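Shown next, in structure tokens, is the structure this report addresses.
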There are 2 protein chains.
Amino acid sequence: MKSRPATIRDVARRAKVSVASVSRALNGHKNVRDDTRDRVLQAIDDLHYVPNAAARSLSSSQTRTLGVVLPDLHGEFFSELIRGMDKAASERGYLLLLSTMHADPQLAGQAIAVMRGRVDGLAVMAPQLSRDAIDRLMPEEMPGVQVICQPSKKRPSFIIDNREGAASATRHLLAIGRRRLAHIAGPEGNFDARERRQGFLSAIAAAGAPAPLVGAGDFGEDGGARIVRDWLARGERFDGVMAANDMTAIGALEALRAHGLRVPEDVALIGFDDIPLARHLGLSTVRVPVADIGAAAVERLVAMVTSQEAGATPEVQPLELVLRATTQGRPH
Amino acid sequence: MKSRPATIRDVARRAKVSVASVSRALNGHKNVRDDTRDRVLQAIDDLHYVPNAAARSLSSSQTRTLGVVLPDLHGEFFSELIRGMDKAASERGYLLLLSTMHADPQLAGQAIAVMRGRVDGLAVMAPQLSRDAIDRLMPEEMPGVQVICQPSKKRPSFIIDNREGAASATRHLLAIGRRRLAHIAGPEGNFDARERRQGFLSAIAAAGAPAPLVGAGDFGEDGGARIVRDWLARGERFDGVMAANDMTAIGALEALRAHGLRVPEDVALIGFDDIPLARHLGLSTVRVPVADIGAAAVERLVAMVTSQEAGATPEVQPLELVLRATTQGRPH
DNA sequence: CTGTTAGCGCGTTCAT
DNA sequence: ATGAACGCGCTAACAG
């Protein structure tokens, strides 16, 4: 007996009430007699009735779904962000519709477009897009928040203080006596990468330290390793490296060691993000509370969806300097 | 001018055609004159029309969305699985609706229930649930596949040969001359964990090696470390450890070293999964092609959704032994 | 090739 | 407290 799924009408018939009563009972309205409600519930149970989500959306024009548009993220960063978002969403009865796009702005646009009508709100992370590009892509009429990218004036943004984080990492290098510093930056198109570079440079300037070495990495392990090898091959001298993120730092670490340099004795090294690998490798870094950011963003998004709240003040999550072996004499 | 979104009727009016023609043009039907199609496309562009997904679903009874139900996964395993799935899905015009549930079977049931009517098919990973439990939870009428868990007879399953993987890891330990082996198992309720333990034991038996030590871990770093500390405290002797997964192995590695034991000289160590950490720590392991599994599962699911295909033969993805420093004399 | 129209399943007035 | 009826936006069957 694989009959088609029961509809609200089947339930109404079986409970001997009208569809309106079933709907009311279902949505917990007050004006339903206990007796009626029980009969409805019984019928629902008998028929294994499950409301059709599409019909519900069409008629109520809300989906109880949130769209999440992410760049081509890897590893722990991705999973932590989703974990934070999913937790906040499911606690509030929302589901997450996912779209992991690639760097191309055009794809970003498509990703956002296909979500229209399927979600009540949108959380977008697009560090490679400018503020204006994001503004152009986001549908006017739909609530939206931005996560870890250039803050918008029109939408709440959940960000971190990249400059301060990078500056404090740099000050730490200076504080342990390193003077000839180097920075391996992230992709030029990436907002966070640019901010971190700025933070590094301003800390150097503020301390009156010698002009630093700056190379352009790609947020990846290979990029970090390549830059370091180049420097070393050119005979550059440096005793402290601040990398744009942990993966870059890890690449740098391997290149340094492959060249016979000791870390931290010869060169101190610090990254950014605090991915789990960092802890295991004893890499000093700046911790980004990714899951918290995701949760905060979704929490706010749900508030916007349910109560039309506006407001666009960026919410800045605190960073934390995590000191480990690569900037300390002792092993972790 | 923040008017309500344009509907198909607005488009029809502006293009001076009927809604049916708009629908046909939209869905790429052949029987539309070029002239008509152009006018429709023009109107769509003018009005920034985007079809309402809910209405479309209701009327066509398909959502172009796939549900993904996952356990409380961490790190790279999670992100790789999603990456593989999302790639396969988006290439075919499908979106992923996510639900990360917790171990509780009741929650699993809820997670699946809320997806009814919102997705065309379901991909479920539930290693902590029995075959029967999953069968009971999965809606009869909806296409579904299972990923990395006890294979069902009713649905295609995408699995790995845990026993053979564990056995080959164990044989490798034996082959490099280790005889007093130990196994740190995963949670007893987990299907893959049980299979891996079996694989370990049968390899031991087949080789006629001495009775091994077996401890119950939890797939986590702490569990692995705890078991090793216990063994060491009790004065147990062993020269090779096969851990149920990489995180467990990493915990074991740290406990071993903290106790002054050298790896692999004193104790050889091998894990399972090949998460990125494994490579960085030089941990030997068994590689599970997580992204490929996810992609294959979704690919098959889409086929089932679009063409009612049946079939329930488990698809077994190949594993690969990855040898690194923790089972070899030399560093990686 | 094109237009008219009847549902799809549900929420929600409006009467009663 | 309950029921009848309309409309949400779209697809598809049917007429022309």
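In what follows, chains are A, B, ... by sequence order, proteins preceding strands, each numbered from 1. Every value quoted in this text rests on a predicted model; they were computed, and no experiment measured them.
Side-chain contact check for B:V68 versus B:L97: every heavy-atom pair is 4.5 Å or farther apart. Side-chain atoms of B:P5 and B:V50, non-hydrogen and from C-beta on, never get closer than 4.5 Å to each other.
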List every contact pair, protein side and nucleotides 7-9 of chain D side both N or O, where the distance is under 3.5 Å.
none

Dump every N/O contact between nucleotides 2-4 of chain D and the protein below 3.5 Å, one line per pair.
unit_1	atom_1	unit_2	atom_2	d
D:dT2	OP1	A:T36	OG1	2.3
D:dT2	OP2	A:R33	N	2.9
D:dT2	OP2	A:T36	OG1	3.1
D:dG3	OP2	A:S18	N	2.7
D:dG3	OP2	A:S18	OG	3.2
D:dG3	OP2	A:S21	OG	3.2
D:dG3	N7	A:R24	NH2	3.0
D:dG3	O6	A:R24	NH1	3.4

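Residue A:S61 holds its OG atom at 13.5 Å from CZ of A:R56, rounded to the nearest 0.5 Å.
Per the geometry, CZ belonging to B:R118 stands 14 Å off P belonging to C:dC10, to the nearest Å. If you take NZ of B:K30 and P of C:dT2, they are 14 Å apart, rounded to a whole angstrom. Straight-line distance from the CG atom of B:L26 to the C1' atom of D:dC10: 10 Å, rounded to whole Å. Atom CG in A:N27 sits about 9 Å away from atom C1' in C:dC10, given to the nearest Å. Look at CZ on B:R13: it is 12 Å from P on D:dC10, rounded to the nearest Å. Residue A:I44 contributes atom CD1, which lies 10 Å from atom P of C:dC10 at whole-angstrom precision.
Summarising the geometry of A:A88 relative to A:V298, their closest heavy-atom pair is CB-CG1, 3.7 Å, with the distance given to 0.1 Å.
The neighbour count for A:D34 CG, taken as heavy atoms of other residues, nucleotides or ligands under 6.0 Å away, does not exceed 12. Within a 6.0 Å radius of CG in A:D132, more than 12 heavy atoms belonging to other residues, nucleotides or ligands are found.
A salt bridge between B:D38 and B:R33 is absent, with no side-chain N of the basic residue lying under 4.0 Å from a carboxylate O of the acidic one. Under a 4.0 Å N-O distance rule, the pair B:D135/B:K153 does not qualify as a salt bridge.
Bending across the helix from C:dC1-D:dG16 to C:dT16-D:dA1, expressed as the angle between its end axes from five pairs apiece, amounts to 40° (10° rounding).
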Given the rule in the salt bridge (Lys or Arg N to Asp or Glu O under 4.0 Å) test, do B:D46 and B:R14 qualify, once you have shown the distances and angles that lead to the verdict? CA-CA 9 Å; B:D46 293 346; B:R14 192 164 220 283; 2.5 Å; yes
Start with the C-alpha distance between B:R39 and B:D35, add both sets of side-chain angles, then the distance that settles salt bridge (Lys or Arg N to Asp or Glu O under 4.0 Å), and finish with yes or no. CA-CA 6 Å; B:R39 294 224 310 283; B:D35 163 41; 3.6 Å; yes
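For the residue pair B:N52 / A:R118, no side-chain donor-acceptor distance below 3.5 Å is found, with atom types taken as modelled.
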